[in-house]
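Report on the structure given below.
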Amino acid sequence: MSGILYGIGVGPGDPALMTVKARELLKALKVLAVPVKSAGEVSTALTIIKDCISLEDKTILKLEFPMEHSRAAMERSHLAAAEKICKILAQGEDAALITLGDVSVYSTCSYVLEKVRACGYKTEVVPGIPSFCDGAARAGLPLMQGHENLAVISGIRGREALNQVLDDFDNVVIMKAGGKMALIAGLLEERGLLDHSVVISNAGMENAYIGPVDIKRTYSYFTTVIVKKGGAVR
């Protein structure tokens, strides 16, 4: 019998925010596939779980996903990862592919799960707490109240897309904002929304920042901006 691949969201950074189901599965499974940008790099997702899951008896399979914007390059890395995992599943061994936050939110894991399923293997998704939900909680902000609506968008989409979403929605979550903070800050200032916005960067990690938009700061990839048009957030 073939093994099952579990796509497991390990949450936004704090090991205490992993779900009970994720924790129990990770304890039981012998093979853990972890995403890295390049060979030799430390996996952030693995760092999150290692304080609460013993890795002594685990086989750690590092899967390289370079930060490429080329669809062809991303497709190659997804396919290579799926092939490595399928070899393990073919031996009847279950495996986990861990990912930050939730599997369904901007996760490379979702692409790999699709390819593994296409090869005829069974997969199961274990959801995790998304980073923007954790960030909103840490900032003390409700994401939606009453009849308000919410949009989640990638900052990489650019100025036109951000403008349109800010026109159409009451509350906006801008993920992958780290490399676009100058553009985002400028747009929010033009629209009078700086006081309606909060930045959450590296939430749950040692160098976490939760505060106003500040373009003088250096932000990591794990940076989100929450905009609430209905009222100031500070």
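- In this structure, Glu75 pairs ionically with Lys115, as a charged nitrogen and a carboxylate oxygen lie closer than 4.0 Å.
- The closest side-chain heavy-atom distance from Lys229 to Asp170 is not below 4.5 Å.
- With contacts defined as side-chain heavy-atom distances shorter than 4.5 Å, the pair Ser110/Ser104 does not qualify.
- Side-chain contact between Leu55 and Leu46 is present, with at least one heavy-atom pair separated by less than 4.5 Å.
- Taking the six-membered ring where tryptophan is involved, the planes of Phe65 and His78 are tilted, since the angle between them lies from 30° to 60°.
- Side-chain contact between Leu29 and Val31 is absent, with no heavy atoms from C-beta onward closer than 4.5 Å.
- When each of Val36, Val34, Thr47 is checked for a side-chain contact (heavy atoms from CB on, under 4.5 Å) with Val42, only Thr47 meets the rule.
- With a 4.5 Å cut-off on side-chain heavy atoms, Met181 and Val199 count as touching.
- Two residues are said to be in side-chain contact when any heavy atoms from C-beta on lie closer than 4.5 Å; Met144 and Asn149 fail this criterion.
- The side-chain hydrogen bond (donor to acceptor under 3.5 Å, both in side chains) check on Glu190 picks up Arg159, with sequence neighbours excluded.
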Inset, instruction - Could you go through the salt bridge (Lys or Arg N to Asp or Glu O under 4.0 Å) check for Lys122 and Asp94 one step at a time? - result: CA-CA 10 Å; Lys122 185 178 178 181; Asp94 294 339; over 6 Å; no
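- The side-chain heavy atoms of Leu97 and Val116, taken from C-beta on, include no pair separated by under 4.5 Å.
- Within the 4.5 Å cutoff, side-chain heavy atoms of Cys133 are placed close to those of Leu143.
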